[in-house]
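These figures come from a predicted structure and were not determined experimentally. Numbers restart at 1 for each chain; the letters A, B, ... are given by sequence-line order, proteins then strands.
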Protein chains: 2
Amino acid sequence: MSGPQTSDRILDAALASFGTRGYDATSLDALAGMLEIRKQTILYWFANKEAVLAALIERSAAELTEAFEQGLKGTGQGWEKVAAVVRAVFRLAARRPELLGLVREAARLGPPAATQMITALDPLVQRASAFLEAEMDAGRMRRHDPRLLLLSIYSTVIGMVTEVEVFRALGEEPSAKSLVRRRADVLALLRSALMTPEG
Amino acid sequence: MSGPQTSDRILDAALASFGTRGYDATSLDALAGMLEIRKQTILYWFANKEAVLAALIERSAAELTEAFEQGLKGTGQGWEKVAAVVRAVFRLAARRPELLGLVREAARLGPPAATQMITALDPLVQRASAFLEAEMDAGRMRRHDPRLLLLSIYSTVIGMVTEVEVFRALGEEPSAKSLVRRRADVLALLRSALMTPEG
DNA sequence: CAGATTCCCTACCAAATGGTAGACAACCTG
DNA sequence: CAGGTTGTCTACCATTTGGTAGGGAATCTG
């Protein structure tokens, strides 16, 4: 009964606000205000503000991992697989932009938040890294340092999905349509960057 | 005599701190502490904290513009020009990492800071956009939406240069050497992404 | 149904923060 | 050298913020 647990609702609100306004810019009072509860209720469920962030990162990393796995399930091979993952990320950007915003925010905040997020996502990174390396070994992809390549892809995609303000300034109102165009462009770019001409 | 003007020293400190720790996480007291002055001195030179940021963005945009022009001066053509600009950005990342950190921070903060930064850098964006379009028209580059392409390049490069934490977590201590490797990789990636096979 | 537990609340609090008011010394300038 | 200007400071202040202490209603449990 009684809808979702308070602690979950707190994390929902925290995700929305940390992922867009940022951690520092979100006070516990503001968070409580969004839920029409008192901040002391938040502090009943979480030891302190940092603990809210930590719990949020854990939950979000799990959700991200799941979304990725989703993108990998169908499993084509080679480029198709990369494209599937990128599409999964863009799908996520459309449905839950705050989630990717939080990844960025965590990276920005530095330890311990960044470390926690990256550690939680590490299995994903390992798999992706191994996959890229295998593709390169098989000659289906141009050779690069897989970790650097991964970082490039990460930078590009998360930027395209996250840099709302830059986008707006370039005269592109954020919308579903514009996101689709960005996705198409990123895919085209990555395709020509990664694939060998014959691939 | 007497070294640089106080207001300049304030902006120097603000750049160092806003560009790394972030705007919210930098108090006027902390800023003053770095310079061994009182915060009231800062408020003598700048109306308020926001005004410090505004002045800093203005100064930094000018410096960025200059660095870019530098990278464009020698003027090869086509890919060489893109590479020259990317190299200029990486040179900047080595010498003045906070400057690129500030760009990112401004974009993150949203209006008015983001608007101001983007407006100040607009001439650069226009030039770059026009250049890319011309290259495409001349068939020396794969065709993309120039603005989206620019945003991709921006995302990739600023990420590679800025995502210190992600980098550290990938086991790469930030260092001059690692920056050079990242530069090489970004260049290789962009080259294969942008150039037509015969170009 | 007595007693413990769960959950949210009111009432505070100390520290930090952005900002105001105004003193005061050093330096120009007539 | 008198009087203003410049640049920094001390003294405050209101607000916000993360956090503590503890009360009380509802619910669970023996």
Side-chain angles (χ1 to χ4, degrees), chain A residues 1-59 102 105-106 108-114 116, chain B residues 1-59 102 105-106 108-114 116:
Chain A
M1 309 284 108
S2 79
Q5 215 49 40
T6 304
S7 64
D8 281 324
R9 295 182 58 228
I10 293 171
L11 292 184
D12 291 341
L15 175 59
S17 195
F18 293 175
T20 56
R21 306 175 45 71
Y23 175 77
D24 290 326
T26 304
S27 72
L28 289 180
D29 276 315
L31 220 48
M34 296 169 64
L35 302 169
E36 296 190 317
I37 60 176
R38 293 332 115 193
K39 107 178 110 175
Q40 282 70 15
T41 303
I42 298 179
L43 292 167
Y44 169 78
W45 290 101
F46 302 94
N48 49 40
K49 196 185 173 185
E50 253 195 294
V52 177
L53 179 61
L56 177 60
I57 289 177
E58 192 181 314
R59 199 187 74 167
L102 181 71
E105 176 70 353
R108 190 188 74 86
L109 286 168
Q116 191 199 343
Chain B
M1 306 289 108
S2 78
Q5 214 51 38
T6 303
S7 64
D8 282 323
R9 295 181 59 227
I10 294 171
L11 291 184
D12 291 340
L15 175 58
S17 195
F18 292 175
T20 55
R21 305 174 47 70
Y23 175 77
D24 290 325
T26 304
S27 73
L28 289 179
D29 276 314
L31 220 50
M34 297 169 64
L35 301 170
E36 297 190 315
I37 60 177
R38 290 335 113 192
K39 107 178 109 178
Q40 282 69 15
T41 303
I42 298 178
L43 292 166
Y44 169 78
W45 289 101
F46 302 94
N48 48 40
K49 196 184 173 185
E50 254 196 291
V52 176
L53 179 62
L56 177 60
I57 289 177
E58 191 182 315
R59 200 187 73 167
L102 182 71
E105 176 71 353
R108 188 187 75 88
L109 287 168
Q116 190 198 343

Which whole-number value in Å describes the distance from B:L31 CG to C:dA16 P?
17 Å
Any side-chain to backbone donor/acceptor pair from A:K39 onto A:S27? Under 3.5 Å, distance only.
no
Determine whether A:T41 and A:L35 satisfy the following criterion, side-chain contact (heavy atoms from CB on, under 4.5 Å), listing intermediate values before the conclusion.
CA-CA 10 Å; A:T41 303; A:L35 302 169; over 6 Å; no
Do the side chains of A:Q5 and A:L11 get nearer than 4.5 Å, heavy atoms only?
no
Name the nucleic acid region contacted by A:L28, choosing base, sugar-phosphate or nothing; use a 4.0 angstrom heavy-atom cut-off, strictly under.
sugar-phosphate
Bounded by its outermost nucleotides with an atom under 4.0 Å from a heavy atom of chain B, the footprint on DNA chain D reads D:dT6 to D:dA11
Using side-chain contact (heavy atoms from CB on, under 4.5 Å) as the criterion, point out the one residue from A:I10, A:D29, A:T6 that pairs with A:I42.
A:I10
Name every residue in residues 47-54 of chain B that has at least one heavy atom under 4.0 Å from any atom of DNA chain D, in order of residue number, or write none if there are no such residues.
none
Contact under 4.0 Å: A:T41 side-chain N or O vs C:dC7 OP1/OP2:
no
Student check: side-chain heavy atoms of A:D12 and A:R59 closer than 4.5 Å
yes
Take the protein atom CG of B:L43 and the nucleotide atom P of C:dT20, then report the distance between them rounded to whole Å.
7 Å
Which of C:dC9, C:dT20, C:dG18 is nearest the side chain of B:Q40? It is C:dT20
Which atom pair, heavy atoms only, marks the closest approach of A:L31 to A:S17?
CD1-CB, 4.2 Å
Which atoms form the tightest heavy-atom contact between B:Q116 and B:E58, and what is the distance?
NE2-N, 3.8 Å
Using only side-chain N and O atoms of A:Y44, determine if any of them is under 4.0 Å from OP1 or OP2 of C:dC8.
no
In whole Å, I'd like the distance from the CG atom of A:D29 to the P atom of C:dC9.
12 Å
Note: A:K49-A:D24 ion pair, threshold 4.0 Å (strictly below):
no
A:K39 NZ to C:dC12 C1', straight-line distance once rounded to whole Å:
10 Å
Using atom CD of A:E36 as one end and atom P of C:dC9 as the other, report the distance to the nearest whole Å.
10 Å
Are the side chains of A:Y23 and A:E50 in contact, using a 4.5 Å heavy-atom criterion?
yes
Roughly, in whole Å, what's the span from CG in A:L35 to P in C:dC7?
16 Å
